[in-house]
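Below is one structure, written out as structure tokens; comments come after it.
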Amino acid sequence: MSAPLWPIVEAEIRERFPAADVTAVIARLERAVLPFGSRAAPSERPRVHLAIIKLAEGDLEKLGRAVEVAERDWRDVLVASGFGNADWREVIARAGMRVP
């Protein structure tokens, strides 16, 4: 199940990963199967993607591990990245990232 990335997510990938890795990062996030459920807000997917990008720190191996965690329970990457609370938009902005 592939879902296109939000433009801000792609922009963050291009800023935070080496140019040679951008295509692989985009493909991996598009392929990620995140178990959201029916009540998830539309902004949840980009929020989780931004959390994964933050946790990856520009490294493909870390990205893979973060995606695996998110595919089990996406809330775990939100908590680990600091994006899990009600103020998540402010926390994303303080991390220097674009806010969905």
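Remember, it's a predicted structure, so these values are computed and weren't measured experimentally.
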Identify whether W6 and F36 are in the same connected component of the hydrophobic contact network (ILVMFWY, side-chain heavy atoms under 4.5 Å). yes
Would H49 and I8 count as a side-chain contact (heavy atoms from CB on, under 4.5 Å) if you check the C-alpha gap in whole Å, the side-chain angles of each, and the deciding distance to 0.1 Å? CA-CA 10 Å; H49 286 161; I8 63 168; over 6 Å; no
Can you tell me how far [atom2] of [Y] sits from [atom1] of [X], rounded to the nearest 0.5 angstrom?
{"X": "N85", "Y": "E90", "atom1": "CG", "atom2": "CD", "answer": "11.0 Å"}
{"X": "W88", "Y": "E44", "atom1": "CH2", "atom2": "CD", "answer": "6.5 Å"}
{"X": "E10", "Y": "L29", "atom1": "CD", "atom2": "CG", "answer": "9.5 Å"}
{"X": "D21", "Y": "I13", "atom1": "CG", "atom2": "CD1", "answer": "11.0 Å"}
{"X": "L5", "Y": "R45", "atom1": "CG", "atom2": "CZ", "answer": "9.0 Å"}

So, for [X] and [Y], which heavy atoms are closest and what is the spacing to 0.1 Å?
{"X": "V48", "Y": "A70", "value": "CG1-CB, 4.2 Å"}
{"X": "M97", "Y": "R16", "value": "CG-NH2, 3.1 Å"}
{"X": "A66", "Y": "L55", "value": "CB-CB, 4.3 Å"}
{"X": "A32", "Y": "V67", "value": "CB-CG1, 4.0 Å"}
{"X": "E71", "Y": "V33", "value": "OE2-N, 3.1 Å"}

Please check if the side chain of [X] supplies one atom and the backbone of [Y] the other of a donor-acceptor pair under 3.5 Å.
{"X": "R47", "Y": "F83", "answer": "yes"}
{"X": "D59", "Y": "E61", "answer": "yes"}
{"X": "R98", "Y": "V9", "answer": "no"}
{"X": "K54", "Y": "S81", "answer": "yes"}

Are there over 12 heavy-atom neighbours, none belonging to R75, within less than 6.0 Å of that residue's CZ? no
Is the shortest distance from a Lys or Arg side-chain nitrogen in R65 or E68 to a carboxylate oxygen in the other one below 4.0 Å? no
May I ask you to test the F17-I53 pair for a side-chain heavy-atom distance under 4.5 Å? yes
